[in-house]
K.L.:
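Below is one structure. I have some questions about it.
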Amino acid sequence: MDSRSVIGRFFSKIKHGVPEWALSAPSVVWLLLFFLIPSLLVFAIAFRTADPSGGIDDGWTLETIKNVLRPEYVWVLWRTVWVSVAVTVICLLLSIPVGYWISRQNPKYRYWYLLIFIMPLWTNFLIRIFAWRILLNPEGFLRRALIAMGIIPSDVFLLNNIGAVIIVTVYTCLPFAILPIYAAAEKFNYSLLEAAQDLGASRFKAFYSIFLPGIRRGIITAILVVLIPSMGSYAIPDLVGGVNGEMLGNKIAIRASAYRNLPEAAALAAMLSIIITIPIIVLWLRQRRVAKTTGSALKSHVEGGLVK
Amino acid sequence: MTKVNSRFTSLFVTIFVIIFMYLPIVMLVTMSFNASRYGGKWTGFSLKWYETLFRDHSVINATMNTLFVALMATIFSTIIGTLAAWVLNAYKNSNVQRLHYGLIYAPLVVPDVLMGISLLLMFVSLKVDLGLTTVILAHITFCVSYVAFTVLARLQDFDFALIQAAQDLGAGSFRIFIKIILPLLLPGIIAGAMMAFTLSMDDFVVTFFVGGPGSTTLPVKVYSMMKHGPPAIINALSVVFMAVTFTVAIIGNVLLRKKSSPSRAVAQH
C-alpha cells in the first residue's frame, strides 16, 4: 500500500512534472544525430577531396561536382527519372481499378481483399526480386511460354534490361499505391457517379471528372510513395537491370563500395536529394490545397508501412 | 449496363494484379523443392536444398546477426518512438511539436539509398568502425518514425475522458497507468515493435551501406548469394525467410486490428 502510493506520486510527477522538451528529447536528438546531420553532411562532403585509401581527405575541391555533371552521369540521371515516372504511371493505372474494385465490395470482406494485395510485402524485399529472376529466367517457363504463344520473338530476353527493372519496381511498389487509393476510394460517395450518369455524362466522363478528383488525395499520396522510392532504387536495377539498367542509386552504391570514392558518392547522393525534393514540394503544395491537414495522407502512408 | 461494364473492367485488372503479385512467389516456392541445380526446368521433388541450407554455417551466422540487430533496433526504436508519439499527441498545438513531427516524417520519405550513404559518410568522417553497432544505429533510425506513427494512430483514438473518469472514481496515477493507459496503448506499442522488427529484418540497402566485416545479415547474405553463390540454396533460404516474416507480420496485423475496448478497461477498474 505504502509503496504503491510512492509509485503513484512518481507517476503523477511524470504527468505534471516532466516538461515537453524532456519527452521530446530522445527522438529529436536521435534524429538530429543520425538523420538530419548526416543528410546535410552529404552536401559538404561532395566538396571534399578523396583520399587514396577510400576515405575522405581534408582538402576542398570543385572537381567532384564537375565530374558528376559529365554526360555519363546525366544520362543515368535521365534514365532514373523516366523509369521512375513510368513505374508511377503503371502503378496508378493498375491500382486505381483495384482500389475501386475493393471499395465496391461488401464492407465485411474488404479488409481480406486488401490483405491479398498486401501479403506479398511480407516476403523479404530481396527475395521478391529473386523470385522475379527465377520467373524471367531465360530457361524459365514464362519466356518459353511467351515464345511458344508467339507473343515475343525467340531472341528476346526478359531479364537484364530496363523492362525488367520497370516490371519489378512496379511489383514492389504496387501495394503502397493500392493502399492510399483504396483508402480514398472507400470514402468516395458512389451515388455521385450514378447521378452524373443520370444527368447524361458518359461512363468515362463520370469516372474522369467525378471519381478521379474525388480520390485525388489518395492519388497524390500514391504518387509520393511510388515515385520517390523508385528514384532511389538500387537493389532492383542492380539485380535485374544488367548494364543498361543502371540507375543513380547504383552509381552511388558503386562509388561507396567497389570503386570507392566517397566524395563522388556524396555528390551523386546530393544530386539525388535535390531531384527528389522537386516532386515532394510540388505534391506537398497540392496536398495542402486539397486538404488542410496532411493527417490522412500521412495515415495511409504509415498504414502502407504498417503492413509491410 | 454501364455499371456492369466498369465493374467488369476493374475486376479484370484486379485479377490480373493478383496473378502478377503471386506468380513469382508461387514459382519461388515450387522451385525450392526442385531437384535441379540451376532452376529453370523441373527435374523432380527434392528436399536436398533445405538440408544444404541448414548445414551452412554462414547462413546460420547471418540469421543470428539478423535477429540480434532486429531485436536491438526494436527495443530502442520502440522506446524512442513511443515517447515521441506521446509528446506529439500531448502537445498537439505547440510549434516545437510541428517541427518534431516534420523530423519524424522525413525519414519515411527519404529513399533508403540516401539514408544509407549519408550514415556511411558520417561514420567514415568520424572514423567509426563499420560493423554490427553501426548497423544497429542505422536500423533504430529508420524504425523510430514507423513506431512513432503507429503509436500516434493509436493515441488519436484514445479517449482521454477515461482517465478523467478514473480519477473522479478515485483511482491513483499508478492504477490509471496500469489499468487504463497501458492496456489501451499496448496493442499499438506491440504493433509498432513488430513493425520495427520486420522492417529491420527486411532491410538490405541501409545495411549494405553501413555494414562491415562480421555484420552480414540475412538479406546481405541473400544478396551475395544471388550475385555469386549457387542459386538453388537461395530458393530454400527464401522460403524459410518468408515463413518467418509471414509469422511476425500476421501476429502484428492481428494485434493492430484488435479494436481497443475502452468499456472493458473501465469495467475492469
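Proteins come first, then strands; the chains are lettered A, B, ... in the order of their sequence lines, and each starts at number 1.
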K.L.:
Would you call the rings of A:Tyr234 and B:Tyr223 parallel, tilted or perpendicular, taking 30° and 60° as the class edges?
P.N.:
tilted
K.L.:
Between B:Phe20 and chain A, with a heavy-atom cut-off of 4.5 Å, which part of the residue counts as in contact: side chain, backbone, both or neither?
P.N.:
both
K.L.:
Measure distances from B:Met115 to the heavy atoms of chain A and classify the residue's part below 4.5 Å as side chain, backbone, both or neither.
P.N.:
side chain
K.L.:
Which bit of B:Ile104 is near chain A, if near means a heavy-atom gap under 4.5 Å: side chain, backbone, both or neither?
P.N.:
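Both parts, heavy atoms under 4.5 Å.
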K.L.:
Using non-hydrogen atoms only, which part of B:Phe123 is less than 4.5 Å away from chain A: side chain, backbone, both, or neither?
P.N.:
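For B:Phe123, the side chain is the part near chain A, not the backbone.
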K.L.:
Distance alone, cut at 3.5 Å: any donor-acceptor contact between the side chains of B:Thr14 and A:Tyr100?
P.N.:
no
K.L.:
Chain A heavy atoms under 4.5 Å from B:Ala148: which part of the residue, side chain, backbone, both or neither?
P.N.:
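No part of B:Ala148 comes within 4.5 Å of chain A.
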K.L.:
Where do B:Asp203 and B:Thr207 land on the side-chain hydrogen bond (donor to acceptor under 3.5 Å, both in side chains) test, with the steps shown first?
P.N.:
CA-CA 7 Å; B:Asp203 179 75; B:Thr207 314; 2.6 Å; yes
K.L.:
Between A:Tyr171 and A:Trp132, how do the two ring planes meet: parallel, tilted or perpendicular, split at 30° and 60°?
P.N.:
perpendicular
K.L.:
Between A:Phe125, A:Phe207, A:Phe35, which shows the greatest number of heavy-atom pairs under 4.5 Å with chain B?
P.N.:
A:Phe35
K.L.:
Between chain A and each of B:Ala243, B:Pro107, B:Pro219, count heavy-atom pairs under 4.5 Å; write down the option with the most.
P.N.:
B:Pro107
K.L.:
Would a line drawn from the ring center of A:Trp101 to the ring center of A:Tyr113 be shorter than 6.0 Å?
P.N.:
yes
K.L.:
Among B:Thr82, B:Leu88, B:Asn89, which one satisfies side chain to side chain contact (heavy atoms under 4.5 Å, CB included) with B:Val151?
P.N.:
B:Thr82
K.L.:
Quick check for you: among A:Ala253, A:Ala235, A:Pro229, A:Ser202, which has the greatest number of heavy-atom pairs under 4.5 Å with chain B?
P.N.:
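So the answer, after comparing A:Ala253, A:Ala235, A:Pro229, A:Ser202, is A:Ala253.
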K.L.:
Verify, without hydrogens or angle tests, whether A:Thr277 (side chain) and A:Ser273 (backbone) share a donor-acceptor contact under 3.5 angstrom.
P.N.:
yes
K.L.:
Below 4.5 Å, heavy-atom pairs only: which of A:Val42, A:Ile276, A:Thr123, A:Asn124 has the largest tally toward chain B?
P.N.:
A:Asn124
K.L.:
Side chain, backbone, both or neither: which part of B:Met201 has a heavy atom under 4.5 Å from chain A?
P.N.:
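Backbone of B:Met201 only, per the 4.5 Å heavy-atom cut-off to chain A.
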K.L.:
Chain A heavy atoms under 4.5 Å from B:Leu121: which part of the residue, side chain, backbone, both or neither?
P.N.:
both
K.L.:
Less than 4.5 Å to any heavy atom of chain A: does that hold for the side chain of B:Phe16, its backbone, both, or neither?
P.N.:
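The answer is the side chain of B:Phe16.
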K.L.:
Under 3.5 Å, is there a donor-acceptor pair linking the side chains of B:Ser77 and B:His139?
P.N.:
no
K.L.:
Looking at the rings of B:Phe209 and B:Phe204, which for Trp means the six-membered one, are their centres under 6.0 Å apart?
P.N.:
no
K.L.:
Which answer fits B:Ile140, side chain, backbone, both or neither, if we ask what part of it has an atom under 4.5 Å from a heavy atom of chain A?
P.N.:
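Both parts, backbone and side chain.
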K.L.:
Checking side chain to side chain contact (heavy atoms under 4.5 Å, CB included) against B:Met21, which of B:Val17, B:Leu23, B:Ile25 comes through?
P.N.:
B:Val17
K.L.:
Name the member of A:Ile37, A:Leu126, A:Val98 that forms the most heavy-atom pairs with chain B at distances under 4.5 Å.
P.N.:
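Top count of heavy-atom pairs under 4.5 Å with chain B: A:Leu126.
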K.L.:
B:Leu114 versus chain A, heavy atoms under 4.5 Å apart: side chain, backbone, both or neither?
P.N.:
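Answer is side chain: those atoms of B:Leu114 sit under 4.5 Å from chain A.
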